[in-house]
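The residues of the chain are indexed from 1 along the displayed sequence.
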Amino acid sequence: MQAEIIVLPGDGIGPEVTAAAVQVLRAVGQRYGHSFHFTEKLIGGAAIDATGEPLPADTLAAARAADAVLLGAVGGPKWSDPGAKVRPEQGLLAIRKALGLYANLRPVKPHSAALGASPIKPHLLTGVDLLVVRELTGGIYFGRKERHGDRASDLCEYTVAEIERTIRRACTLARARRGHVTSVDKANVLETSRLWREVATRVVQQEFADVRLEHQLVDSMAMHLLAKPREYDVIVTENMFGDILTDEASMLAGSLGLLPSASLGEGRVGLYEPIHGSAPDIAGRGIANPYATILSAAMLLRHSLELESEARCIEKAVDGALGAGVFTADLAPAGRGVSTQTATAAVLEQLELECQPVAMRD
Ligand code: NAD
Ligand code: IPM
Ligand code: MN
């Protein structure tokens, strides 16, 4: 197949990790006879520096016309002055909103070889396989923001329709898994959460009778997630809670550098990015963990291009590299981490070993 993939490297380690994922996608394309075409565009701080805007019109137009978008990360100290008129993160929020990508899928499945990198006891981690579905285009991120003298406010709003479509997406995904959905809110305090809970209950009752729905308050969820992570299958929640809980969940896997994501709407074009940020503390040193972005590329193949075997091939290759103990500094014992390029080369090598296109198998 032919596919047009827009690459948005962004800032900090963004260019390092997207370069790794593009190498892997090229190798998969070659192996399976697909022609993936990559076009790089600006977003975030890099776009502000070049054009004054965090999401140039030309980047958005290219994304709309493409089959999929692969993004690194945006932001960094250079653009973080609280008084700044324009911020890199606005570019990311704007592209998610403009493409209607309301469902952000963040799977968490610790690898047995990396259990030592997690601060959680290993016996709690074996068998953990959960998927967070984070609402991505509503809530406090997108409500009116105001600043008057010594007051500031951020409005948190949700509509029934925004909640319904997110719950439906989570339930549909749960059906293909273990059929269990935990909806996370703060219904003891927030009106938006009471609406969320009402809508979730109704949608599941009316449309997903086969799905088991539980409600959990976000504060205790933050605790349960570490105390009994195996109990969870699909966790669905609003924008900000999902942001925070998934950085926490990355510690089940051992590093932020391991968690991929897919942001999906009703259309085919999706945006794929690691859940981590631009990691200014390690940027430019060639030591960032590329696995989260490589796994995001696998999600791109699965969700935007419907190339399931190719997606699995990448996932198996990353599994193989981790299994062989190829760890960047975030996963390795002090002083023993390999470079981004060495980790990427290990994935490419595993691709050769593990992934045979069907036609080539004997
Ligand atoms: P961060 O995720 O960038 O980094 C947190 C910590 O995790 C750092 O110590 C970093 O070195 C480490 N880390 C992250 N990714 C890693 C990887 N692939 N390999 C090894 N270590 C990794 O979060 P932060 O420091 O709070 O934010 C820095 C900037 O990134 C901010 O400007 C923030 O807005 C932005 N950000 C962007 C995105 C995105 O573009 N999607 C996501 C989160 C944060
Ligand atoms: C993420 C990031 C973004 C978010 C920021 C950079 C706007 O933290 O993708 O998780 O909060 O959504
Ligand atoms: Mn985040």
Side-chain angles (χ1 to χ4, degrees), residues 3-29 36-56 58-60 62-63 66 68-80 86-96 250 255-263 270-301 314 318 321 326 328-331 337-348:
E4 172 68 18
I5 299 171
I6 301 300
V7 181
L8 306 177
D11 309 314
I13 61 169
E16 301 167 44
V17 294
T18 48
V22 168
Q23 281 183 61
V24 172
L25 283 171
R26 281 193 199 284
V28 170
F36 300 146
H37 185 255
F38 300 92
T39 307
E40 265 193 29
K41 293 285 175 186
L42 293 168
I43 196 167
I48 293 175
D49 288 352
T51 71
E53 290 176 45
L55 179 64
D58 140 79
T59 299
L60 181 57
V69 182
L70 179 73
L71 185 139
V74 298
K78 180 175 178 194
W79 308 279
S80 290
V86 55
R87 303 180 61 94
E89 291 80 358
Q90 290 167 340
L92 182 55
L93 299 181
I95 195 171
R96 290 171 177 170
S250 77
S255 170
L256 258 183
L258 287 175
L259 295 204
S261 87
S263 303
L271 181 126
Y272 302 85
E273 53 171 326
I275 81 151
H276 63 70
S278 59
D281 52 340
I282 58 163
R285 291 165 52 195
I287 60 168
N289 186 339
Y291 294 153
T293 314
I294 293 172
L295 291 168
S296 303
M299 294 185 88
L300 181 159
L301 297 181
I314 294 184
V318 172
V326 182
T328 40
D330 51 318
L331 293 172
V338 305
S339 67
T340 306
Q341 190 46 47
T342 301
T344 309
V347 174
L348 293 169

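In this view, Leu93 and Arg96, Tyr141, Phe142 satisfy the side-chain contact (heavy atoms from CB on, under 4.5 Å) rule, not counting sequence neighbours.
Counting all heavy atoms, side chain and backbone alike, Leu42 lies closest to Ala50 at CD1-CB, 3.7 Å. Shown here for Pro88 and Pro54, the closest heavy-atom pair between the two residues is O-CB, 4.0 Å. Across all non-hydrogen atoms, the minimal contact from Gly76 to Pro280 is CA-CG, 4.3 Å.
Expressed to the nearest 0.5 Å, how far CG of Leu25 lies from OH of Tyr272 amounts to 11.5 Å. The line from OG of Ser263 to CE of Met299 is 9.0 Å long, rounded to the nearest 0.5 Å. The structure places CD of Glu4 at 12.0 Å from CZ of Phe36, a figure rounded to the nearest 0.5 Å. In this structure, the separation between CD1 on Ile43 and CG on Leu8 is 5.0 Å, given to the nearest 0.5 Å. Distance check, rounded to the nearest 0.5 Å: CD of Gln341 to CG of Leu348 gives 7.5 Å. Residue Ile282 holds its CD1 atom at 7.5 Å from CD of Glu16, rounded to the nearest 0.5 Å.
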Name the atoms and distances for all side-chain donor-acceptor pairs under 3.5 Å in residues 286-294, with sequence neighbours left out.
| residue | atom | partner | partner atom | Å |
| --- | --- | --- | --- | --- |
| Asn289 | OD1 | Tyr291 | N | 2.8 |
| Asn289 | ND2 | Gly257 | O | 3.3 |
| Asn289 | ND2 | Thr328 | OG1 | 3.4 |
| Asn289 | ND2 | Asp330 | OD2 | 2.9 |
| Tyr291 | OH | Val326 | O | 2.7 |

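Looking at Asp11 and Lys78, no side-chain N of the basic residue comes within less than 4.0 Å of a carboxylate O on the acidic one, giving no salt bridge.
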In sequence, state the C-alpha distance, the side-chain angles, and the governing distance for Ile13 and His276, and then conclude on side-chain contact (heavy atoms from CB on, under 4.5 Å). CA-CA 10 Å; Ile13 61 169; His276 63 70; 3.4 Å; yes

Checking Arg87 against Ser80 for the side-chain contact (heavy atoms from CB on, under 4.5 Å) test, could you report, in this order, the C-alpha distance in whole Å, the side-chain angles of both residues, the deciding distance, and whether it holds? CA-CA 7 Å; Arg87 303 180 61 94; Ser80 290; 4.2 Å; yes

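A distance-only check finds no donor-acceptor pair linking the side chain of Glu273 to the backbone of Ser261 [under 3.5 Å]. Not one N or O on the side chain of Thr59 forms a donor-acceptor pair closer than 3.5 Å with the backbone of Leu55.
Ser250 is not listed as a side-chain neighbour of Leu258, based on a closest heavy-atom distance of 4.5 Å or more. Within the 4.5 Å cutoff, the side chain of Trp79 has heavy atoms near those of the Asp49 side chain.
Exactly one residue among Leu271, Leu70, Val69 makes a side-chain contact (heavy atoms from CB on, under 4.5 Å) with Ile6. That residue is Val69.
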